[in-house]
Amino acid sequence: QVQLVESGGGLVQAGGSLRLSCAASGRTFSSYYMGWFRQAPGKEREFVAAISRYGTNTWYADSVKGRFTISRDNAKNTVYLQMNSLKPEDTAVYYCASDADLAASLTRPTYWGQGTQVTVSS
């Protein structure tokens, strides 16, 4: 069982930056691929970014590529999402997620956090 707790959301103006954090429980953090998803009002949840177990590989949605950076610190059981050049269309609830399987981590992860709201004003 993995428990995930996100933090760092808030209100920011367009063009600004935010860094989300996700703290994971358990002593096997490095066994899991970690990812971020988001859900805007009236829309389906969508993939944002993912990172491999030791941070060697990363994956991004086209909509955030070049603006967002995912990273992890296995010593702190924490994954981060640095979001720069934010746009109003980035407004959503952002969820941290994890899975031991790569394919699942990119599509339907097993473990989810409760979400943190990010609002970008124009």
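Here the structure is a predicted model, which means the values were calculated and not measured. Quick note: numbers below take in every heavy atom, side chains included, and nothing from hydrogens, waters or symmetry partners.
- Linking Ile, Leu, Val, Met, Phe, Trp and Tyr whenever their side-chain heavy atoms come within less than 4.5 Å puts V79 and M83 in one cluster.
- Between the OH atom of Y33 and the CZ atom of R53 there is a distance of 4.0 Å, given to the nearest 0.5 Å.
- Annotation: side chain of R72 is not in contact with side chain of Y80 (no heavy-atom distance under 4.5 Å).
- For the pair S25 (side chain) and Q3 (backbone), a donor-acceptor distance under 3.5 Å is present.
- L102 and F37 fall within the same hydrophobic cluster, defined by Ile, Leu, Val, Met, Phe, Trp and Tyr side-chain heavy atoms under 4.5 Å apart, directly or through other members.
- Hydrophobic clustering, with ILVMFWY side chains joined whenever heavy atoms are under 4.5 angstrom apart, groups L20 together with I51.
- Residue K43 qualifies as open at atom NZ: its count of foreign heavy atoms under 6.0 Å is 12 or below.
- Closest approach of P88 and S122 over heavy atoms only: CG-CB, 3.8 Å.
- Looking at T91, its side chain does come within 3.5 Å of a backbone N or O of V120 through a donor-acceptor pair.
- Although no hydrogens or angles enter the test, the distance criterion places no donor-acceptor pair under 3.5 Å between the side chain of R19 and the main chain of Q82.
- The environment of CD in Q39 is crowded: more than 12 heavy-atom neighbours from other residues, nucleotides or ligands sit within 6.0 Å.
- Listed by first then second residue, pairs satisfying side-chain hydrogen bond (donor to acceptor under 3.5 Å, both in side chains) with a partner in residues 92-107 read R38-Y94, D99-T110, not counting sequence neighbours.
- Counting heavy atoms from C-beta on, the side chains of Y111 and Q1 come closer than 4.5 Å.
- Across every non-hydrogen atom of Y60 and A49, the tightest pair is CD2-CB, 3.6 Å.
- Looking at every heavy atom in both residues, Y54 comes nearest to S30 through OH-OG, 3.7 Å.
- In terms of modelled atom types and a separation under 3.5 Å, the side chain of E6 and the main chain of C96 share a donor-acceptor contact.
- The residues K87 and D90 are annotated as not salt-bridged, no charged nitrogen and carboxylate oxygen being separated by less than 4.0 angstrom.
- You'll find the side chain of W36 reaches within 4.5 Å of the side chain of C22, heavy atoms only.
- I70 is not connected to W59 by any chain of hydrophobic side-chain contacts under 4.5 Å among Ile, Leu, Val, Met, Phe, Trp and Tyr, and they are in different clusters.
- Smallest separation of non-hydrogen atoms from V64 and V48: CG2-O, 3.6 Å.
- F47 and F68 sit in two unconnected hydrophobic clusters of ILVMFWY residues. Membership requires side-chain heavy atoms under 4.5 Å apart, directly or through other members.
- Between A24 and V2, the shortest heavy-atom contact is CB-CG1, 4.5 Å.
- Nearest heavy-atom pair, L11 versus S121, reported as atom, atom and distance to 0.1 Å: CD1-CB, 4.3 Å.
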